[in-house]
Enquirer: 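Sharing a structure below in structure tokens format, with a few things to ask.
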Amino acid sequence: MSQDAIVVLDFETTGLSPAQGDRAIEIGAVKLKQGVVVDRFQQLMNPGFAVNSFIAGYTGITNEMLRLAPSCETVMTDFAAFIDGCQLVAHNASFDQKFLAAELARIHVPQSQPFACSLLLARRLFQDAPNHQLGTLVSYLAIENDGVFHRALNDAEVTASLWLELTAAVTQRWACPAPSFELMLKLQRQPKHQLERFMKKQMA
DNA sequence: TGCCAGGCCCTCTTTAGGGCCTT
């Protein structure tokens, strides 16, 4: 897999914490090369137990839909191949990263790819947004969408568009052509009041 | 025993508390 590919991913899960026994029930992902979507991945997966009514209502993913889905282990084996050699992005990446690491650990695959966070970047680059929930940012930036949220591929698609908006904002604000993934990783860790100083140093 | 997410980030901060964000 080429090293310049970025996979923007989103998990739907049975809850908030793999440490408390929660599992993934759907993975959706969009692969970008030089800002263009070149591949997609979407798969429901059976966690081995029933999802509660809140999750079914929140995601629209029912136990009936999951009953015939392949196991998490089967799906994650395929997904590990999909993301091999790629850099990763998610909205509130700490959430998706812990589920990705937990599900990959079950099939004895380490999670070693660098992981950028569109939430941390949006808090820095779109400070005027009403808030930084994914749905709000989609409206704020007029990102094209089909009105479906909380399904993995739909959320991954709009997060990929958000990623491109974030890189475009860096380009526009600091005259930085094609900001690298590594630059975005560093930027998401900068205190807000030091953004100008940081970018000035980067562009010098 | 009782409780049960956790990282980020702001502020009435750092010997802490609470909102934001993800499902």
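Naming convention: chains lettered A, B, ... in sequence-line order (proteins, then strands); numbering from 1 in each chain.
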Enquirer: Suppose you measure atom P in B:dC9 against the same atom in B:dC3; what distance do you get, rounded to whole Å?
Expert: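 One P to the other, the span is 31 Å.
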Enquirer: I need the CG-P distance between A:Leu162 and B:dT22, as an integer number of Å.
Expert: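 So the CG-P distance, A:Leu162 to B:dT22, works out to 11 Å.
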Enquirer: Using the C1' atom as the point on both nucleotides, what is the distance between B:dC20 and B:dT1, in whole Å?
Expert: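 Between the two C1' atoms, the distance is 31 Å.
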Enquirer: Look at the side-chain N and O atoms of A:His132 and state whether any lies under 4.0 Å from the OP1 or OP2 oxygen of B:dC20.
Expert: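 Answer is no, no contact under 4.0 Å.
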Enquirer: Scan A:Leu16 against the nucleic acid and name what it touches under 4.0 Å (heavy atoms): base, sugar-phosphate only, or nothing.
Expert: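 Here A:Leu16 touches the bases of the nucleic acid.
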Enquirer: When you group the ILVMFWY residues by side-chain heavy-atom contacts below 4.5 Å and let the links chain together, are A:Trp163 and A:Val38 in the same group?
Expert: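 The answer is no; the residues belong to distinct hydrophobic clusters.
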Enquirer: Salt bridge or not for A:Glu157 and A:Arg151, using N-O below 4.0 Å?
Expert: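 Looking at A:Arg151 together with A:Glu157, the answer is no, because their closest N to O distance does not fall below 4.0 Å.
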Enquirer: Distance check, C1' atoms only: B:dG2 and B:dG18, in whole angstrom units.
Expert: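 It comes out at 22 Å once rounded to the nearest Å.
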Enquirer: Under 4.0 angstrom, heavy atoms only, what part of the nucleic acid is A:Asp155 near: base, sugar-phosphate, or nothing?
Expert: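 Result for A:Asp155 = sugar-phosphate.
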Enquirer: Base, sugar-phosphate alone, or nothing: which one does A:Phe99 contact when heavy atoms must sit under 4.0 Å apart?
Expert: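 Since no nucleic acid heavy atom lies under 4.0 Å of A:Phe99, the category is nothing.
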Enquirer: What is the distance from CD of A:Gln127 to P of B:dC20, rounded to the nearest Å?
Expert: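 After rounding, the gap between these two atoms is 17 Å.
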Enquirer: Calculate the interatomic distance between A:His193 atom NE2 and B:dC9 atom C1'; express it in whole Å.
Expert: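 Spelled out: NE2 on A:His193 to C1' on B:dC9 is 12 Å.
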Enquirer: Can you check the A:Gln188 CD to B:dG7 P distance for me, whole Å?
Expert: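 Checked: the CD to P distance equals 15 Å.
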Enquirer: Which is true for A:Arg151 with a 4.0 Å heavy-atom rule: it touches a base, it touches only sugar-phosphate, or it touches nothing?
Expert: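 If one applies the 4.0 Å heavy-atom cut-off, A:Arg151 turns out to touch nothing in the nucleic acid.
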Enquirer: What is the distance, to the nearest angstrom, from the CG atom on A:Leu137 to the C1' atom on B:dC20?
Expert: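 About 12 Å, once rounded to whole Å.
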Enquirer: Could you say whether A:Arg124 or A:Gln133 is positioned toward the 5' end of DNA chain B, judged by the nucleotide with the nearest heavy atom to each?
Expert: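 Per heavy-atom nearest nucleotide, the more 5' residue is A:Arg124.
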Enquirer: In whole angstroms, how far is the P atom of B:dT22 from the CZ atom of A:Phe149?
Expert: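 So the two atoms are 11 Å apart, to the nearest Å.
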Enquirer: Going by the angle between their ring planes, with limits at 30° and 60°, are A:Phe79 and A:Phe11 parallel, tilted or perpendicular?
Expert: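 Because their plane-to-plane angle is over 60°, the rings of A:Phe79 and A:Phe11 count as perpendicular.
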Enquirer: Find the distance A:Asn92:CG to B:dG19:P and express it as a whole number of Å.
Expert: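 From A:Asn92 CG to B:dG19 P: 17 Å.
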Enquirer: Around atom CD of A:Gln127, are there more than 12 heavy atoms from other residues, nucleotides or ligands closer than 6.0 Å?
Expert: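 Yes.
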Enquirer: Base, sugar-phosphate alone, or nothing: which one does A:Ile25 contact when heavy atoms must sit under 4.0 Å apart?
Expert: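 Since no nucleic acid heavy atom lies under 4.0 Å of A:Ile25, the category is nothing.
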Enquirer: Mind checking the C1' distance from B:dG19 to B:dC12? Whole angstroms is fine.
Expert: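 Here B:dG19 and B:dC12 have their C1' atoms 15 Å from each other.
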Enquirer: Nearest heavy-atom pair of A:Gln111 and A:Leu100: which atoms, and what distance?
Expert: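 Nearest heavy atoms, A:Gln111 then A:Leu100: CG-CD2, 3.6 Å.
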Enquirer: What nucleic acid atoms does A:Lys98 come within less than 4.0 Å of, heavy atoms only: base, sugar-phosphate, or nothing?
Expert: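 Answer is base: heavy atoms of A:Lys98 come under 4.0 Å of a base.
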Enquirer: Checking A:Lys31 against A:Phe82: charged group under 6.0 Å from the ring centre and within 45 degrees of the axis?
Expert: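 Judged by the rule, A:Lys31 and A:Phe82 form a cation-pi pair.
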Enquirer: By nearest atom, which of the nucleotides B:dG7, B:dA5, B:dT23 is closest to the A:Gln20 side chain?
Expert: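 In terms of side-chain proximity for A:Gln20, the closest of B:dG7, B:dA5, B:dT23 is B:dA5.
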Enquirer: Let's see if you can work this out: which of B:dA5, B:dC21, B:dT23 has an atom nearest to the side-chain heavy atoms of A:Leu119?
Expert: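 Closest nucleotide among those given: B:dC21.
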Enquirer: From CZ of A:Arg189 over to P of B:dG7, roughly how many Å is that when rounded to an integer?
Expert: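 Distance check: A:Arg189 CZ to B:dG7 P gives 11 Å.
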Enquirer: Check every strand shown and say whether A:Asp96 touches a base, only sugar-phosphate, or nothing at a heavy-atom separation below 4.0 Å.
Expert: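 A:Asp96: no heavy atom of the nucleic acid under 4.0 Å.
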Enquirer: Would you classify A:Thr59 as touching base, sugar-phosphate or nothing, given that sugar-phosphate means primed atoms plus P, OP1 and OP2, and contacts are heavy atoms under 4.0 Å?
Expert: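 Result for A:Thr59 = sugar-phosphate.
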Enquirer: Is there a side-chain polar atom (N or O) of A:Arg23 under 4.0 Å from OP1 or OP2 of B:dT23?
Expert: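 No.
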Enquirer: Can you figure out which of B:dG6, B:dC21, B:dT22 approaches the side chain of A:Ala19 most closely?
Expert: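 Output: B:dG6.
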Enquirer: Under a 3.5 Å cutoff, is there a donor and acceptor pairing between the side chains of A:Thr14 and A:Asp22?
Expert: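 Yes.
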Enquirer: DNA chain B: A:Leu120 or A:Phe11, which has the more 5' nearest nucleotide?
Expert: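 First, find each residue's nearest nucleotide; the 5'-ward one identifies A:Leu120.
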Enquirer: Establish, with yes or no, whether the OP1 or OP2 oxygen of B:dC10 is under 4.0 angstrom from a side-chain nitrogen or oxygen of A:Arg123.
Expert: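 Indeed not, no polar side-chain atom of A:Arg123 lies that close.
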Enquirer: If you look at every strand shown and take non-hydrogen atoms under 4.0 Å, does A:Asp10 touch a base, only sugar-phosphate, or nothing?
Expert: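 The residue A:Asp10 makes sugar-phosphate contact but no base contact.
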